[in-house]
Participant: 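Take a look at this one; I'll ask things after.
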Amino acid sequence: MSEKPTKHTKVLIIGSGPAGYTAAVYAARAMLKPMLVAGMQPGGQLTITTDVENYPGFADVIQGPWLMEQMREQAKAVGTDLVEDHIQSVNLKSKPFEAIGDGGQKYTADSIIISTGAQARWLNIESEEKFKGFGVSACATCDGFFFKDKTVAVVGGGNAAVEEAMFLTKFASKVQLIHRRNELRAEKLLQKKLMANKKIEIIWDSVVEEVIGDEEPKNVKGLKIKNIKTNEMSELKIDGLFIAIGHDPATSLFKDQLEMDNTGYLITKSDSTETNVPGVYAAGDVKDKIFRQAVTAAGMGCMAALEAEKYLASN
């Protein structure tokens, strides 16, 4: 079997979500003829988000998958080479940079924009999967609004879980925070605010065993939870479940080649998307564990493309 000819590009964009597609639009308009390798889940996390109400420019509710489709079409229309492949290894130690796809296709690039994103960690129980997008969510800022005057539960014990629980009290009449330990990991100041909030009840030493709900129309009705100290099972009546046990950035590809923090997020220079390797940029949730919004990811994609353009011009 003959080897496939190497594909070379000035700008290789790895990953497709708001960050990757926006980077592609800007790079293509700068006449850099970027190549975007879409990855396993083209469109990223937004393809599993149904109603999007907070993306600027749309007064009516739009669908996450539709928004990603529009961004993809736009990137294509301005001249991006869109490739259906998944990068499985990279070499950033020599120039041009190299990347190898699943089927052995080799890509070389003068600059790389990494927009591989992150995934929310889930509980990995069957019933959770079933109700994802129908009352089970991993993003309170995205979906909290749909639970006005309802009862919701949040699973987790770190800063994210406490912040989500506090945020949800703006809408929900009651928020139950379920944590597997008997103390929270969140910072003390946050804990203090949480304890002072009358709408929040904490359920200690407990894990969710099952999400209960209706089939038609699909919606969440309650939870079966287990106390891990007594093994006692109980049922909670709730309308929505938010999982806040962390996110995992898709960065295993870049281990030992790019600087990361202790949780695997890529580190970039301040006010920049540049990593510790000149010519390699990171945009979106792969480097951002604070905001994690489509609009901030898109903004970083724009920054990365402009920085890549500048880098290529001076090299």
Side-chain angles (χ1 to χ4, degrees), residues 1-28 30-47 68 71-72 75-76 79-119 247-261 263-268 273-288 297 300-301 304-305 307-309 311-312 315:
M1 195 176 123
S2 63
E3 276 201 13
K4 298 172 185 161
T6 298
K7 291 184 176 181
H8 180 75
T9 178
K10 288 179 190 153
V11 185
L12 178 66
I13 300 165
I14 304 175
S16 57
Y21 288 141
T22 307
V25 167
Y26 275 82
M31 298 304 170
L32 296 172
K33 298 195 173 77
M35 185 180 287
L36 183 148
V37 179
M40 298 271 243
Q41 189 183 13
Q45 295 181 79
L46 268 182
T47 54
M68 288 304 89
M71 284 195 191
R72 183 180 178 277
K76 190 176 168 182
T80 306
D81 184 0
L82 296 166
V83 182
E84 298 294 323
D85 197 356
H86 177 69
I87 300 294
Q88 54 152 321
S89 71
V90 294
N91 178 6
L92 307 176
K93 293 187 163 71
S94 58
K95 297 261 168 64
F97 303 119
E98 273 182 19
I100 311 283
D102 267 350
Q105 173 68 56
K106 188 172 169 186
Y107 304 89
T108 57
D110 302 322
S111 68
I112 289 183
I113 294 172
I114 298 163
S115 51
T116 47
Q119 282 92 30
H247 281 72
D248 293 313
T251 53
S252 53
L253 206 52
F254 312 104
K255 261 198 176 58
D256 306 321
Q257 299 195 64
L258 294 176
E259 271 175 24
M260 304 178 185
D261 70 7
T263 51
Y265 286 86
L266 296 178
I267 294 170
T268 58
T273 62
E274 190 176 49
T275 64
N276 60 306
V277 175
V280 179
Y281 305 89
D285 287 17
V286 76
K287 68 135 286 181
D288 166 28
M300 275 183 266
E307 288 187 286
E309 180 188 7
Y311 166 83
L312 293 168
N315 284 278

Participant: Is it true that a side-chain atom of Ser115 and a backbone atom of Gly15 form a donor plus acceptor pair closer than 3.5 Å?
Facilitator: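 Yes: the side chain of Ser115 pairs with the backbone of Gly15.
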Participant: So, do Tyr265 and Lys287 sit near enough that their side-chain heavy atoms are less than 4.5 Å apart?
Facilitator: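 In short, these two side chains do not touch, never coming nearer than 4.5 Å.
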Participant: Identify the heavy atoms of Glu84 and Pro42 that sit nearest to each other, and give their distance.
Facilitator: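 In terms of heavy atoms, the two residues are closest at OE1-CG, 4.2 Å.
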Participant: Under the side chain to side chain donor-acceptor pair (under 3.5 Å) rule, collect the residues that match up with Gln41, sequence neighbours excluded.
Facilitator: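 Per chain and number, Gln41 pairs via side chain to side chain donor-acceptor pair (under 3.5 Å) with Thr47.
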Participant: Do the non-hydrogen side-chain atoms of Glu98 and Lys93 ever get within less than 4.5 Å of each other?
Facilitator: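 No, every pair of side-chain atoms sits at 4.5 Å or beyond.
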Participant: Give, for atom CG of Leu12 and atom OG of Ser111, the distance between the pair rounded to the nearest 0.5 Å.
Facilitator: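 Interatomic distance, Leu12 CG to Ser111 OG, rounded to 0.5 Å: 8.5 Å.
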Participant: Mind checking whether Leu82 and Lys76 have side chains closer than 4.5 Å, heavy atoms only?
Facilitator: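 Yes, side chains in contact.
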Participant: Is it true that atom OH of Tyr26 has more than 12 heavy atoms of other residues, nucleotides or ligands lying nearer than 6.0 Å?
Facilitator: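 Counting other residues, nucleotides and ligands, OH of Tyr26 stays at 12 neighbours or fewer.
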Participant: Which value, rounded to the nearest 0.5 Å, describes the distance between Ile114 atom CD1 and Leu253 atom CG?
Facilitator: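 So the CD1 of Ile114 and the CG of Leu253 are separated by 7.5 Å.
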Participant: Would you call Lys10 and Met35 a side-chain contact if the rule is heavy atoms closer than 4.5 Å?
Facilitator: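 They are not in side-chain contact.
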Participant: Which heavy atom of Ala282 sits nearest a heavy atom of Leu266, and at what distance?
Facilitator: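 Closest approach of Ala282 to Leu266: CB-CD1, 3.7 Å.
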Participant: Looking only at non-hydrogen atoms, find the nearest pair between His247 and Ala118 and report the distance.
Facilitator: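 Where His247 meets Ala118 most closely, the heavy atoms are CB-CB, 4.5 Å.
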Participant: Keeping Thr273 on the side-chain end and Tyr281 on the backbone end, is there a donor-acceptor pair under 3.5 Å?
Facilitator: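 Looks like no, no N/O pair under 3.5 Å.
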Participant: Atom CD1 in Ile112, atom OH in Tyr107: separation rounded to 0.5 Å?
Facilitator: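 Spacing of CD1 (Ile112) from OH (Tyr107) equals 12.0 Å.
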Participant: Is Thr275 reaching over with its side chain to a backbone N or O of Val280, donor-acceptor style, under 3.5 angstrom?
Facilitator: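 Yes, because the side chain of Thr275 sits within donor-acceptor range (under 3.5 Å) of the backbone of Val280.
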Participant: Main chain of Gly104, side chain of Gln88: is a donor-acceptor contact present, judged purely on distance under 3.5 Å?
Facilitator: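 Checking the backbone N and O of Gly104 against the side chain of Gln88, no donor-acceptor pair under 3.5 Å is found.
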Participant: Within the structure provided, determine whether Lys4 and Lys106 are in side-chain contact (heavy-atom separation under 4.5 Å).
Facilitator: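 Sidechains of Lys106 and Lys4: no contact.
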Participant: State the CG-CG distance between Leu36 and Asp81, to the nearest 0.5 angstrom.
Facilitator: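 Leu36 atom CG to Asp81 atom CG measures 9.0 Å (nearest 0.5 Å).
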Participant: Carefully, step by step, assess Tyr311 and Asp110 under the rule side chain to side chain donor-acceptor pair (under 3.5 Å).
Facilitator: CA-CA 10 Å; Tyr311 166 83; Asp110 302 322; over 6 Å; no
Participant: Minimum heavy-atom separation for Ala19 to Ala283, with atom names?
Facilitator: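 Answer, listing the atom of Ala19 first, then Ala283: CB-O, 3.6 Å.
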Participant: Do Tyr21 and Ile13 have side chains that approach each other closer than 4.5 Å (heavy atoms only, starting at C-beta)?
Facilitator: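 A side-chain contact is absent here, since even the closest heavy-atom pair is not under 4.5 Å.
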Participant: Shortest non-hydrogen contact from Thr80 to Ala75?
Facilitator: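 It is OG1-O, 2.8 Å.
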Participant: Any donor-acceptor pair under 3.5 Å linking the side chain of His8 with the backbone of Thr108?
Facilitator: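 Pair found, side chain donor or acceptor close to backbone of Thr108.
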Participant: Is it true that atom NZ of Lys33 has more than 12 heavy atoms of other residues, nucleotides or ligands lying nearer than 6.0 Å?
Facilitator: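 Not more than 12 within 6.0 Å, no.
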Participant: So, taking the atom named CE in Met40 and the one named CD in Gln119, what distance separates them when rounded to the nearest 0.5 Å?
Facilitator: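 These two atoms lie 9.5 Å from each other.
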Participant: For the atom pair OG1 (Thr251) and CG (Asp261), what is the distance rounded to the nearest 0.5 Å?
Facilitator: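 If we round to the nearest 0.5 Å, Thr251:OG1 and Asp261:CG are 8.5 Å apart.
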Participant: Between the side chain of Thr9 and the main-chain N/O of Val11, is any donor-acceptor distance below 3.5 Å?
Facilitator: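 At least one qualifying donor-acceptor pair exists.
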Participant: Tell me, do Asn276 and Ile267 make a side-chain contact under 4.5 Å, heavy atoms counted?
Facilitator: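 With C-beta onward as the side chain, the pair stays apart.
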Participant: Which pair of non-hydrogen atoms, one from Gly39 and one from His86, has the smallest distance, and what is that distance?
Facilitator: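 Heavy atoms of Gly39 and His86 come nearest at CA-ND1, 3.9 Å.
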Participant: So, Gln257 side chain and Leu92 main chain: donor-acceptor pair closer than 3.5 Å or not?
Facilitator: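 Side chain of Gln257 to backbone of Leu92: a pair is present.
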Participant: Please tell me whether Asp85 and Gln105 have a donor and an acceptor in their side chains that are separated by less than 3.5 angstrom.
Facilitator: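 No.
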